[in-house]
Amino acid sequence: MGNVKSSAGQKTDSMETGENTGTDVMTSVKLRNGVQMPMVGYGVFQITDGAQCEQCVGDAIAAGYRMIDTAAAYYNEEAVGKAVRASGVDRKELFITTKLWVQDAGYDSTLRAFDESMKRLGLSHLDLYLIHQPFGDYYSAWRAMERLYQEGAVRAIGVSNFPPERLVDLCMNQEIPPMVDQIEIHPFFHQQEAVRVMGSYGVIPEAWGPLSEGQKDIFHHKTLVKIAENHGKTTAQVVLRWHLQRGIPAIPRTVHKERMQENLAIRDFVLSEKEMEMIDAMDIGHSEIIDHRCFCTARQLNSVKIHD
Ligand SMILES: NC(=O)c1ccc[n+]([C@@H]2O[C@H](COP(=O)([O-])OP(=O)(O)OC[C@H]3O[C@@H](n4cnc5c(N)ncnc54)[C@H](OP(=O)(O)O)[C@@H]3O)[C@@H](O)[C@H]2O)c1
C-alpha cells in the first residue's frame, strides 16, 4: 500500500500492511514541529477507579499502545503516571497527553494546573498538553502553553473541542498555532469541514470517541457488520481502520485486555474505496454526544469544578 495520502491531508508514515506485533501499529503522524505522534492511542476517560485505571494502562502498554490520553478532569492522572513508570518501557517511546480544564484557563492558573498535573503524573516532561474545552480565558491559557512549550516542559501543545471558527481565530492571533485539535470523530460524525480547516492550518485532527462511545449500537450497525464480514474482522476494527485510512489518530478506550489487542490489530487489511464510501454514508453531520455550539454546553462545562 505504501504511504497513504489521507483525507486529513497529511502523510502517515509506514502504513504498509503487516503483521500486528504491537509495535507495528505504532505508525505515527508528524506534528508541525516535527514531533511524531502515534496513530493509535489508548484513552482513559471514565476509568476513574485508580486501581482499575493503573491496571488498564499497564495492560494497554503491554499490548503495544505507546500513546495514552488522559486529562486533569478524568481524575486518573496519578494512576496513568504509576502505570507508565511501572511499565518498564523507555519514556522516550511513550507519548503522554493530558489536558487543562476550563476552571484553570488563564495564564497563571494554567502554569499552576500544569505543575499539578505533572505532580500527579510523576513525569519529568509531557508530550502533548491540550486546552480541554474552548471555554474560559483560553487565550491567556494558550500564552502559558506557549511558554511551557518554549521552556521544553512539553513537546507539543494543542486544543480540544475547538470548532473551526475558534481554531482559526486562535491560529491567527497567537505566536504558535495549535499543533493538534482533539475532537469528536467517528462514523456517525465525520467532521469533514473541521478536518479540512485543520489541514489548511497544519493542525492535526485527533479523534476522541472514535468508536462513538459505543452509542447508536455502532458495533452492530449493518454497514459495519457487512464490511467486517468481508475482511474477517470485527466492526470495531473496521471503524479504527477507517480512522487510520483517513490519516486521523484515534484513541479508543476499552477496559478489556482482549479488546485492547483487537483495537490494535488493524494493519493486516485495507478498506476499499467503496467500503470507505459506505462508511461515509453513515455520517449524520452532528453529534449526539455533546453539542459544543449550544450555550447550554458552555454553561454546563464552565460550571464543572475539578478542585477548590
Ligand atoms: N477531549 C475530549 O473532550 C474527549 C471527550 C471524550 C473522550 N476523549 C478521549 O477519547 C478517548 C476515547 O473516547 P471514549 O472513551 O469516549 O469512547 P470510545 O473509545 O469511542 O468508546 C469506548 C466504548 O467502546 C467500547 N469498546 C471499545 N473497544 C471495543 C471493541 N473492540 N468491541 C466492543 N466494544 C468496544 C468500550 O467498552 P469496554 O470498555 O466495555 O470494552 C466503551 O464502552 C477517551 O477515553 C478519552 O481519552 C476526549
Side-chain angles (χ1 to χ4, degrees), residues 20 25 37-38 40-49 52-53 55-57 59-60 63 65 67-77 79-80 95-102 127-136 138 158-163 166-167 178 180-191 194 204-221 224-225 228 233-243 248-266 287-292 297-298 300-301 304 306:
N20 174 46
V25 87
M37 172 171 157
V40 183
Y42 179 71
V44 296
F45 180 42
Q46 290 173 335
I47 313 180
T48 47
D49 178 82
Q52 186 188 26
C53 184
Q55 176 74 44
C56 284
V57 173
D59 289 346
Y65 291 84
M67 174 160 73
I68 309 292
D69 182 85
T70 182
Y74 298 171
Y75 303 105
N76 55 19
E77 290 173 306
V80 168
F95 190 102
I96 312 298
T97 303
T98 194
K99 313 184 192 84
L100 173 81
W101 186 242
V102 184
D127 297 281
L128 180 61
Y129 198 32
L130 302 176
I131 294 182
H132 203 147
Q133 302 286 349
F135 302 123
Y138 61 79
V159 295
S160 177
N161 297 303
F162 274 51
R166 290 196 185 213
L167 181 70
V180 171
D181 188 1
Q182 183 185 108
I183 58 171
E184 179 186 348
I185 306 179
H186 48 72
F188 300 120
F189 192 28
H190 295 199
Q191 297 257 34
I204 299 296
E206 181 183 19
W208 71 249
L211 298 169
S212 103
E213 299 190 340
Q215 292 193 8
K216 288 172 79 69
D217 206 14
I218 189 166
F219 301 115
H220 300 105
H221 191 283
L224 299 174
V225 169
K233 287 289 184 176
T234 66
T235 48
Q237 288 171 321
V238 167
V239 172
L240 294 169
R241 180 72 207 184
W242 170 78
H243 286 288
I248 297 181
I251 42 173
R253 159 183 56 104
T254 174
V255 295
H256 298 101
K257 221 170 161 173
E258 64 284 2
R259 288 183 179 168
M260 292 174 192
Q261 284 157 357
E262 176 187 328
N263 293 349
L264 278 183
I266 55 171
S287 173
E288 290 192 349
I289 296 175
I290 187 166
D291 180 0
H292 271 93
T297 301
Q300 190 220 334
L301 296 182
V304 173
I306 63 168

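Counting from 1, the numbers follow the sequence of the chain as shown. Atom set for the values below is all heavy atoms of this structure, side chains included, hydrogens, waters and symmetry mates excluded. Numbering of ligands and ligand atoms starts at 1, following listing order. Quantities reported herein were computed from a predicted structural model and do not represent experimental measurements.
- Contacts of S160 with ligand 1, taken as heavy-atom pairs under 4.0 Å, involve the side chain alone.
- Note that the NZ atom of K233 and the CG atom of L240 stand 11.0 Å from one another [nearest 0.5 Å].
- Of the heavy atoms in S212, only backbone atoms (N, CA, C, O) come closer than 4.0 Å to ligand 1.
- Q133 places a side-chain heavy atom less than 4.5 Å from the side chain of H292.
- The protein atom (non-hydrogen) at minimum distance from atom 16 (O) of ligand 1 is E213 OE2, 2.6 Å.
- Checked by distance only, ligand 1 and K99 stay at 3.5 Å or farther apart across all their nitrogen or oxygen atoms.
- Between L128 and E206 there is a side-chain heavy-atom pair separated by less than 4.5 Å.
- Y42 does not count as a contact of ligand 1, since none of its heavy atoms falls under 4.0 Å from the ligand.
- Among all non-hydrogen protein atoms, the one lying nearest atom 35 (C) of ligand 1 is F219 CZ, 3.4 Å.
- Here E262 has side-chain heavy atoms under 4.0 Å from ligand 1, and that is the only part of it that gets that close.
- Regarding atom 13 (O) of ligand 1, its nearest protein heavy-atom neighbour is G209 N, 3.0 Å.
- Taking NE2 from H190 and CD1 from I248, the interatomic distance works out to 9.5 Å, rounded to the nearest 0.5 Å.
- Protein heavy atom in closest approach to atom 27 (C) of ligand 1: R253 O, 3.1 Å.
- For atom 6 (C) of ligand 1, the closest heavy atom belonging to the protein is W208 CE3, 3.1 Å.
- Using a 4.0 Å heavy-atom cutoff, N263 is listed among the residues neighbouring ligand 1.
- Residue T235 does not touch ligand 1, judged by heavy-atom distances below 4.0 Å.
- In terms of protein heavy atoms, atom 44 (C) of ligand 1 is closest to F45 CB, 3.3 Å.
- Atom-to-atom distance recorded for Y74:OH and Q46:CD is 9.0 Å, nearest 0.5 angstrom.
- Counting only heavy atoms of the protein, atom 20 (O) of ligand 1 lies nearest to L211 N, 2.8 Å.
- From the protein, the heavy atom lying nearest to atom 30 (C) of ligand 1 is R259 CD, 3.5 Å.
- Note: no N/O pair closer than 3.5 Å links P252 and ligand 1 by distance alone.
- Atoms of ligand 1 lying under 4.0 Å from any heavy atom of P210, numbered from 1 in the order shown and given with element: 12 (C), 13 (O), 19 (O), 20 (O).
- Between N161, I68, I47, it is N161 that holds the heavy atom closest to atom 3 (O) of ligand 1.
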